[in-house]
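Note that this is a predicted model, so its numbers are computed, not measured.
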Amino acid sequence: MGITSGKTGPIATVLLLALCAGLLAQEKARDRRRYLDPATPVSDDPRRVPVPPGPRGPDGSLVLRGGRIFDGTGTPARSGTLVIQRNRITKILAADSTDWPRDARIIDVAGKTVMPGLTDLHTHITYTEPNVSTALSVSESDATLRGLERLRYYLECGITSIRDVASLGEVPFRLKEWVSENRVPGPRVFAAGELITGTGGHAAEGLSRLSSNYGSIREASGPDDWRLAVREQFKRGADLIKLASHFSRAEVAAAVEEAHALGLKATVDAETFYIQWAVEAGVDSVEHPLPRSDETIRLMAQKGTASIPTLIPYIYIFDQNGGYFGSTSRRFTFSKEADLEMLRRLRRAGIKLGVGTDLILNWFRYMPDAYITELKHFVLAGYSIPEALVAATRTNSEILDMDDRLGTLEPGKLADVLVVDGKPDVSLDDLAKVDLVIRDGYVVVEGGRVFVPRHVPIPPPKPKKD
Ligand SMILES: [Zn+2]
């Protein structure tokens with residue numbers, strides 16, 4: 001760009017510089033990857049940290065023989081056999097082929113549907129349940145146990161990845177690591193850490209040390225503090241950044257710019273004009289079906305901003321409480337019908353839509369019905385059933401920034417696979433019939449139950465000889 005051209009006047013130069021600054025601020029998280037050769041082994045998360053080369057996943061091969069393959073790419077289910085070696089899908093064979101390694105473990109899945117593991121893009125694995133004291137709510141020990149229980153629920157429902165968008169302290173990061181080392185059962189955890197919001201903003205209304213969500217929320221004030229709050233989550237190990245209104249334009253712009261520079265996506269829980277400000281700042285996705293203008297929806301479509309409508313928590317709120325009361329961050333009129341209409345408007349505008357459930361309180365106990373009902377609302381909004389399943393798998397992986405490794409059944413992808421005893425691409429209710437789940441090549445649910453292999457003992461040390 002000709003900024004140094006002698007003919008450019010001072011005003012034009014200032015304008016050009018401002019334009020360049022604007023363009024830089026809109027750099028995406030993924031732009032950071034230009035410095036990483038695709039052949040360089042990196043961590044299987046959006047952080048993409050270089051790791052030593054070497055085989056990953058269990059020894060040997062696993063064959064899912066003769067099932068209905070719904071691969072998540074958008075093509076209809078077809079009969080075939082899926083071959084997994086260690087933690088990767090290596091082949092999808094025609095139904096009559098037996099071209100797999102001779103020593104493979106073979107599981108007959110005839111009549112069952114083999115599909116990519118599901119993703120839930122909106123969880124809070126440590127949030128408290130009703131009738132739990134504040135002292136226990138903010139206890140990292142109790143939060144870890146709550147998280148462990150929820151991970152099991154999600155896994156049993158065929159969910160192999162969760163995106164956790166606010167949880168207590170170090171807990172989601174420790175659980176992420178223990179799951180990835182196969183030491184506790186669970187889906188992959190992609191965690192935001194604390195939710196960042198303006199002082200007294202959403203989730204921080206009345207926040208104090210005596211609040212049950214203390215330690216899951218980071219109040220910030222001023223652009224520098226928003227930037228610092230992003231760095232704090234990155235330091236802990238964040239895979240994405242979660243923002244919430246309220247904020248100033250400068251605050252949300254600083255946070256998004258910092259997240260992108262660190263290689264992370266930013267998602268926002270916001271409403272009305274705050275959504276406009278966040279989208280202008282380059283935020284990658286917007287949570288919830290809350291009110292926004294046609295202009296904002298157009299801008300989302302234009303900039304490729306995704307949306308995770310999360311209708312189900314609001315259905316529970318309206319059904320259980322008759323309304324959404326007492327919140328200063330929800331000062332607008334909305335309803336179940338308005339939420340569904342927002343989903344329809346977003347879909348009509350061509351916005352990328354992902355699936356998340358936001359099951360706070362004890363609502364995870366409504367799984368898998370909660371997740372299936374969310375998908376049924378995608379169908380009510382105009383999706384076909386297979387399209388809803390693609391949203392729950394491939395599109396969710398795109399929103400996660402993991403679509404090069406997850407979300408479809410294709411050779412080279414990580415082996416996160418769900419086997420359902422039915423045809424969920426015909427009837428979503430069949431998603432409740434989870435038979436087998438494979439995460440990272442490991443069988444983690446078998447016969448519908450979490451499968452924990454017996455530990456392999458290592459021999460005790462031999463006495464030293466003098
Ligand atoms: Zn939430």
Side-chain angles (χ1 to χ4, degrees), residues 28-30 32-62 71-72 82-90 115-121 123 125 147 151 154-155 158-165 172-193 233-234 236-241 259 262-265 267 284 354 392-418 437-445:
K28 292 279 183 187
R30 207 171 271 216
R32 193 187 170 85
R33 310 250 170 93
R34 74 173 78 111
Y35 303 105
L36 272 175
D37 186 310
T40 301
V42 293
S43 56
D44 289 323
D45 58 30
R47 297 166 65 87
R48 300 295 201 273
V49 182
V51 295
R56 295 179 209 290
D59 289 334
S61 303
L62 184 61
D71 64 14
L82 189 82
V83 182
I84 296 166
Q85 261 173 311
R86 288 196 170 270
N87 70 338
R88 298 218 175 243
I89 297 165
T90 52
M115 58 180 288
L118 304 168
T119 304
D120 191 327
L121 284 183
T123 71
I125 55 172
L151 292 183
Y154 291 124
L155 196 62
I159 291 168
T160 50
S161 290
I162 59 166
R163 187 181 70 147
D164 193 82
V165 288
F173 304 112
R174 299 307 306 140
L175 287 175
K176 170 188 174 177
E177 192 166 320
W178 277 59
V179 168
S180 72
E181 291 172 356
N182 228 25
R183 298 167 78 180
V184 294
R188 296 175 194 270
V189 178
F190 299 102
Q233 311 318 312
F234 178 75
R236 282 179 160 158
D239 295 303
L240 74 150
I241 296 298
L262 293 168
L264 303 183
K265 285 189 171 188
T267 194
D284 300 278
T393 53
R394 188 184 72 187
T395 310
N396 271 6
S397 297
E398 290 167 5
I399 294 172
L400 258 178
D401 206 1
M402 289 299 294
D403 51 303
D404 56 336
R405 289 146 207 250
L406 297 174
T408 57
L409 302 181
E410 292 175 284
K413 289 267 175 103
L414 293 169
D416 283 16
V417 184
L418 165 61
V437 180
I438 294 162
R439 194 212 65 247
D440 210 30
Y442 292 93
V443 172
V444 285
V445 170

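- Although no hydrogens or angles enter the test, the distance criterion places a donor-acceptor pair under 3.5 Å between the side chain of R86 and the main chain of G57.
- Scanning both residues, V443 and L62, for their nearest heavy atoms gives CG2-CD2, 3.9 Å.
- Scanning for side-chain hydrogen bond (donor to acceptor under 3.5 Å, both in side chains) contacts around T90 gives an empty result, with sequence neighbours left out.
- The two residues N396 and D120 come nearest to each other via the heavy atoms ND2-N, 4.5 Å.
- L240 and D164 make their closest contact through CD2-O, 4.4 Å (heavy atoms, listed as atom of the first residue, atom of the second, distance).
- Open room surrounds CZ on R32; 12 or fewer heavy atoms of other groups in view lie less than 6.0 Å from it.
- Of the options T119, T123, L118, L121, a side chain to side chain contact (heavy atoms under 4.5 Å, CB included) to I162 is made by T123 and by none of the others.
- The shortest side-chain heavy-atom distance between L414 and R88 falls under the 4.5 Å cut-off.
- In this structure the side chain of P185 never reaches within 4.5 angstrom of the side chain of V444, judged on heavy atoms.
- For the pair Q233 and L264, the minimum side-chain heavy-atom distance is 4.5 Å or more.
- Expressed to the nearest 0.5 Å, how far OG of S161 lies from CG of D416 amounts to 5.5 Å.
- Side-chain contact between R163 and D239: absent, with no pair of heavy atoms (C-beta onward) separated by less than 4.5 Å.
- D440 pairs by the side-chain hydrogen bond (donor to acceptor under 3.5 Å, both in side chains) definition with N87, R188, not counting sequence neighbours.
- When all heavy atoms are compared, the tightest approach of R405 to V42 is NH2-CG2, 3.4 Å.
- For R439 and D44, the salt-bridge test fails: no basic side-chain N is under 4.0 Å from an acidic carboxylate O.
- Residues F190 and L406 are in side-chain contact: their nearest non-hydrogen atoms beyond the backbone lie under 4.5 Å apart.
- Taking the charged nitrogens against the carboxylate oxygens, D71 and K413 have no contact shorter than 4.0 Å, which rules out a salt bridge.
- Distance check, rounded to the nearest 0.5 Å: CG of L175 to CD1 of I125 gives 5.0 Å.
- Of all the heavy atoms in A238 and A192, the pair that sits closest is CB-O, 3.8 Å.
- Rounding to the nearest 0.5 angstrom, the gap separating the CZ atom in R394 from the OG1 atom in T408 is 8.0 Å.
- When all heavy atoms are compared, the tightest approach of Y154 to P187 is CB-CG, 4.0 Å.
- Although no hydrogens or angles enter the test, the distance criterion places no donor-acceptor pair under 3.5 Å between the side chain of R48 and the main chain of R30.
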